[in-house]
Amino acid sequence: MKIDPSRLPVEQTGRTGSQAPVSRSQDSDATGIKFGKVLRESVTGLKFSAHAEERIASRGIDISVAQLERLKGAVDRIAAKGGRESLVLVDDKAFLVSVKNRTVVTALAGPNVREGVFTNIDSAAVS
């Protein structure tokens with residue numbers, strides 16, 4: 001299968017470094033495997049729950065490889081400090097993460113983050 005790079009969605013963040021588009025879980029190949037989800041999980045070693053995948057897709061959240069690496073680093077730091085359920089802020093995005101299971105439970109972006117109330121967490125990280 002040949003991929004035309006001009007048809008891939010690209011996130012414009014103004015950052016240098018890796019800007020590869022890795023979100024929008026509706027991007028599927030012929031077998032139905034969600035490419036964005038597989039790439040996110042392979043880059044970070046984190047799992048994304050079905051709920052998180054739904055939120056990422058429905059809210060149109062774009063996540064760059066660099067942001068995924070920062071998310072992973074934050075989860076690693078929280079785990080080292082004994083955190084269990086955490087809020088991780090990466091730029092204008094918020095992720096609720098089950099640190100023990102290394103699973104992103106849900107994701108928010110933009111104004112939803114500023115208006116959000118987060119409960120049942122024991123830690124938070126800004127990355």
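All values reported here derive from a predicted model rather than from experimental measurement. Nothing fancy with the numbering, it's 1 onward along the sequence.
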Review point. Where do A107 and I56 come nearest, in terms of heavy atoms and distance?
Key: CB-CG1, 3.9 Å
Check your understanding: Which distance, rounded to the nearest 0.5 Å, do you find between the CG of D91 and the OG of S64?
Key ->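 Answer for the CG-OG pair, D91 versus S64, is 7.5 Å.
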Check your understanding: Among L96, L71, V75, I63, whose side chain to side chain contact (heavy atoms under 4.5 Å, CB included) with V104 holds?
Key -> L71
Practice item. Among T103, V105, V97, find the one that has a side chain to side chain contact (heavy atoms under 4.5 Å, CB included) with K47. Key: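 So, applying the side chain to side chain contact (heavy atoms under 4.5 Å, CB included) to K47 and each of T103, V105, V97, only T103 qualifies.
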Review point. Transitively linked via ILVMFWY side-chain contacts under 4.5 Å: V99 with L68?
Key: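 As far as the 4.5 Å side-chain criterion goes, L68 and V99 are connected within one cluster.
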Check your understanding: Linking I/L/V/M/F/W/Y whenever any side-chain heavy atoms sit under 4.5 Å apart, do I61 and F48 land together?
Key -> yes
Point to revise | Partner set under side-chain hydrogen bond (donor to acceptor under 3.5 Å, both in side chains) for S127, not counting sequence neighbours | key: none
Revision key, fill the gap. By side-chain hydrogen bond (donor to acceptor under 3.5 Å, both in side chains), S123 pairs with (sequence neighbours left out) S86
Review point. With R84, which residues qualify under salt bridge (charged side-chain N to carboxylate O under 4.0 Å, His left out), at least two apart?
Key: D122
**Study point:** Any L87 side-chain heavy atom under 4.5 Å of F95 side chain
**Key:**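 They are not in side-chain contact.
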Check your understanding: Below 4.5 Å, heavy atoms only, C-beta onward: do V126 and V88 meet side chain to side chain?
Key -> no
Check residues 111-120 and write down every donor-acceptor pair under 3.5 Å in which the side-chain atom is one partner and the other belongs to a residue at least two apart or another chain.
residue : atom : partner : partner atom : Å
R114    : NH1  : G110    : O            : 3.1

**Study point:** Sequence neighbours excluded, every pair satisfying salt bridge (Lys or Arg N to Asp or Glu O under 4.0 Å) that has a member inside residues 71-81
**Key:**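 Passing the test, one end in residues 71-81: K72-D76, D76-R102.
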